[in-house]
Structures are given as C-alpha cells and as structure tokens.
Colleague: 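The structure's right below; bear with me while I get my questions together.
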Amino acid sequence: MKRIIIFNKMFVATRRITVIEDNNIIEDVIATPEALIETVFNLADRYDIDTVEIKGSKVFSKGLEKDLTQAMGTTKYSRKLNISII
C-alpha cells in the first residue's frame, strides 16, 4: 500500500514528505511551508495515493490536517485524501 508521510516537527521551517510503498521509500522531498500543500497533492497525483499520515505532535499537526482538508474542497485539488495524525 502506498502512502505519504509528512514529518511535522515543531520549530523546523521545512517539512519532510516521504512516499512509502510496502515499507520502501519511493521518494523523499523537503518542502517549505508555502509549497507544502501543493507538494503533497502533486505526490498524491503522481503516485496515485489517497492516504496521508502526519507524524508529529497531535496538537501541532491539527493545523496542517485542517489546511489539507480545506485544500481538498477547492477546485485546484480534486483528489480526496484520507488524512490521519500518527
């Protein structure tokens, strides 16, 4: 199963985004806050992924989860993602 993991560390400006399939890393990307949502949706489209996991502080990651959920409602990003905080 393919999935995207976003490593959401506090006090770090960039985010590491990893595409994983069967515990093997397919692609590993560093994204700025400005490019994060677009990068996640581009990776999801490229690898046909609908599962996104956010790894980090649950309270801190709620904001990112909200931003991704709101982006799904726009016409720019048509893909529906299953987002969870791990």
Colleague: Consider side-chain contact (heavy atoms from CB on, under 4.5 Å). Of Lys66, Glu53, Met72, which one does Ile83 pass it with?
Modeller: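 Option passing the side-chain contact (heavy atoms from CB on, under 4.5 Å) with Ile83: Met72.
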
Colleague: Check Ser61 against Gly56 and note the closest heavy-atom contact, atom names and distance.
Modeller: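 Answer, listing the atom of Ser61 first, then Gly56: OG-C, 3.8 Å.
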
Colleague: Only one of Ile86, Ile85, Leu68 passes side-chain contact (heavy atoms from CB on, under 4.5 Å) with Ile6; say which it is.
Modeller: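 Option passing the side-chain contact (heavy atoms from CB on, under 4.5 Å) with Ile6: Leu68.
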
Colleague: In terms of hydrophobic clustering (I, L, V, M, F, W, Y; side-chain heavy atoms under 4.5 Å; direct or indirect links), are Phe7 and Tyr47 co-clustered?
Modeller: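 Phe7 and Tyr47: separate clusters.
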
Colleague: With clusters built from Ile, Leu, Val, Met, Phe, Trp and Tyr whose side-chain heavy atoms come within less than 4.5 Å, directly or transitively, what are the remaining members of the cluster of Val12, listed by chain and number?
Modeller: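 So far as hydrophobic clustering goes, Val12 is joined with none.
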
Colleague: So how far is it from Glu65 CD to Ile54 CD1, rounded to the nearest 0.5 Å?
Modeller: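 Glu65 CD to Ile54 CD1: 5.5 Å, rounded to 0.5 Å.
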
Colleague: I'd like to know if Lys2 and Asp48 make a salt bridge, using a cut-off of under 4.0 Å between side-chain N and carboxylate O.
Modeller: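 Between Asp48 and Lys2 there is no salt bridge, as every charged N stays at least 4.0 Å from the carboxylate O atoms.
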
Colleague: From the options Thr18, Thr14, Thr39, select the one residue that forms a side-chain contact (heavy atoms from CB on, under 4.5 Å) with Val29.
Modeller: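 Between Val29 and the candidates, side-chain contact (heavy atoms from CB on, under 4.5 Å) is satisfied uniquely by Thr39.
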
Colleague: Going by the salt bridge (Lys or Arg N to Asp or Glu O under 4.0 Å) test, which pairs reach into residues 7-16, not counting sequence neighbours?
Modeller: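 The answer is Arg16-Asp28.
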
Colleague: Would you say Asp67 and Leu36 make side-chain contact, with heavy atoms under 4.5 Å?
Modeller: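 Contact flag for Asp67/Leu36 side chains = no.
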
Colleague: Tracing side-chain links under 4.5 Å among I, L, V, M, F, W and Y, which residues wind up in one group with Met10?
Modeller: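 Other cluster members: Phe11, Phe60.
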
Colleague: So, for Ile5 and Lys55, which heavy atoms are closest and what is the spacing to 0.1 Å?
Modeller: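 What the structure gives for the nearest pair is CG2-CB, 4.2 Å.
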
Colleague: Would you check, one step at a time, whether the test side chain to side chain contact (heavy atoms under 4.5 Å, CB included) holds for Leu81 with Phe41?
Modeller: CA-CA 9 Å; Leu81 301 174; Phe41 279 94; 3.6 Å; yes

Colleague: To the nearest 0.5 angstrom, please state how far the CZ atom of Arg79 sits from the CG atom of Asp50.
Modeller: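 CG of Asp50 is found 7.0 Å from CZ of Arg79.
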
Colleague: Given Ile26, which of Ile20, Ile4, Ile49, Val19 fulfils the side-chain contact (heavy atoms from CB on, under 4.5 Å) condition?
Modeller: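 The option that passes is Val19.
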
